Amino acid sequence: MPKDYARTDRIAQQIQRELAEAIRLELKDPRVKLVTVTDVEVAKDYSHAKVFYTALEGNSPELQQGLERASGFLRRHVGQAIKLRIVPQLHFVYDASVERGSQLSQLIDQAVASDRHSAED
């Protein structure tokens with residue numbers, strides 16, 4: 001595995017921690033609440049970062065707008081916390097994997113319950 005790849009992973013993890021803290025403690029936008037940063041992918045040249053997030057209330061256009069509006073503030077926060085020559089532009093992407101996992105879990109539970117029911121007959 002090349003060294004450069006490991007560096008982007010470490011930077012992505014650090015960006016994820018800083019963004020989670022900034023969103024939770026410093027962001028005052030009422031549209032952005034109960035947001036969890038699930039993953040960050042940083043481009044090899046560090047110019048862009050995809051920030052995957054999920055929210056307790058699900059995805060909404062207002063939440064997406066709030067995050068995009070706060071991207072400059074969050075980028076500045078990341079730049080101050082992490083000493084990088086290039087601070088990546090932040091692109092927010094809703095992560096639906098948590099919802100899909102919950103739906104699959106419910107389907108599995110239903111299948112197990114129906115198997116038990118049919119085994120009892």
Side-chain angles (χ1 to χ4, degrees):
M1 208 181 297
K3 265 187 172 178
D4 192 39
Y5 180 73
R7 178 172 161 82
T8 59
D9 284 347
R10 288 192 310 269
I11 289 172
Q13 289 173 354
Q14 195 167 3
I15 289 173
Q16 181 178 354
R17 283 191 300 269
E18 293 298 331
L19 285 176
E21 181 180 322
I23 289 171
R24 185 173 53 90
L25 298 175
E26 297 182 27
L27 215 54
K28 304 296 184 211
D29 192 338
R31 297 175 290 187
V32 181
K33 56 185 175 189
L34 303 173
V35 172
T36 303
V37 178
T38 56
D39 194 21
V40 174
E41 292 178 359
V42 178
K44 290 184 189 258
D45 64 354
Y46 310 114
S47 62
H48 297 275
K50 278 188 191 176
V51 180
F52 295 92
Y53 70 92
T54 186
L56 199 57
E57 298 173 354
N59 192 18
S60 70
E62 294 84 20
L63 175 59
Q64 182 74 28
Q65 289 171 351
L67 287 170
E68 289 172 2
R69 179 103 195 260
S71 66
F73 169 78
L74 294 171
R75 184 178 182 205
R76 185 173 58 241
H77 178 81
V78 167
Q80 291 171 350
I82 306 171
K83 302 300 182 215
L84 293 173
R85 190 167 17 121
I86 299 171
V87 179
Q89 289 184 352
L90 304 175
H91 305 282
F92 293 94
V93 179
Y94 184 72
D95 184 5
S97 64
V98 175
E99 289 176 9
R100 275 190 248 123
S102 176
Q103 290 171 347
L104 286 174
S105 179
Q106 288 176 352
L107 288 173
I108 291 169
D109 291 343
Q110 289 173 357
V112 168
S114 94
D115 282 349
R116 284 187 190 148
H117 182 67
S118 62
E120 291 173 358
D121 291 340

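Nothing here was measured: the structure is a model prediction, and the numbers come from that model.
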Check your understanding: What's the spacing between Lys50 NZ and His91 NE2 if we round to 0.5 Å?
Key -> 9.0 Å
Revision key, fill the gap. Rounding to 0.5 Å, atoms CG (Leu34) and CZ (Arg24) come to a distance of 12.0 Å
Check your understanding: Taking the side chain as C-beta and beyond, is there a heavy-atom pair between Glu21 and Arg17 under 4.5 Å?
Key -> no
Exercise for review: Report yes or no: do Val40 and Tyr46 belong to one cluster of Ile/Leu/Val/Met/Phe/Trp/Tyr joined by side chain heavy-atom distances under 4.5 Å?
Suggested key: yes
Review point. In Å and rounded to the nearest 0.5 Å, what is the OG1 to CG distance from Thr36 to Leu19?
Key: 12.5 Å
Practice item. Without swapping roles, check the side chain of Glu41 against the backbone of Ala12 for a donor-acceptor pair under 3.5 Å. Key: no
Practice item. For the pair Thr8 (side chain) and Val42 (backbone), establish whether a donor and an acceptor sit closer than 3.5 Å, ignoring hydrogens and angles. Key: no
Check your understanding: Are the side chain of Gln64 and the backbone of Phe92 linked by a donor-acceptor contact shorter than 3.5 Å?
Key -> yes
Check your understanding: Does any non-hydrogen side-chain atom of Val35 lie less than 4.5 Å from one of Leu63?
Key -> yes
Check your understanding: Closest approach of Leu90 and Ser71, non-hydrogen atoms and distance?
Key -> CD1-O, 4.0 Å
Check your understanding: Are Tyr53 and Ile23 close enough, and set up right, to give a side-chain contact (heavy atoms from CB on, under 4.5 Å), and what steps lead you there?
Key -> CA-CA 11 Å; Tyr53 70 92; Ile23 289 171; over 6 Å; no
Practice item. Mind jotting down which residue pairs meet the salt bridge (Lys or Arg N to Asp or Glu O under 4.0 Å) criterion with at least one end in residues 29-38? Sequence neighbours excluded, please. Key: Asp29-Arg31
Practice item. Look up atom CG in Asp9 and atom CZ in Arg7, then write down how far apart they are to the nearest 0.5 Å. Key: 12.0 Å
Study note, to complete from the structure: Smallest heavy-atom separation, Leu27 atom then Ala70 atom, equals CD1-CB, 3.6 Å
Check your understanding: Between atom CG of Leu84 and atom CD1 of Ile11, what is the distance when rounded to the nearest 0.5 Å?
Key -> 5.0 Å
Check your understanding: Leu67 and Tyr94: same hydrophobic cluster, using ILVMFWY side-chain contacts below 4.5 Å?
Key -> yes
Enumerate donor-acceptor pairs with a distance under 3.5 Å from any side-chain N or O in residues 73-83 to protein atoms, sequence neighbours excluded.
unit_1	atom_1	unit_2	atom_2	d
Arg75	NE	Val87	O	3.1
Arg75	NE	Pro88	O	3.3
Arg75	NH2	Val87	O	2.6
Lys83	NZ	Gln80	O	3.0

Review point. When you look at Val93 and Val51, which way does the side-chain contact (heavy atoms from CB on, under 4.5 Å) test go after all the steps?
Key: CA-CA 6 Å; Val93 179; Val51 180; over 6 Å; no
Check your understanding: What is the distance from atom CD of Gln13 to atom CG of Asp39, rounded to the nearest 0.5 Å?
Key -> 9.0 Å
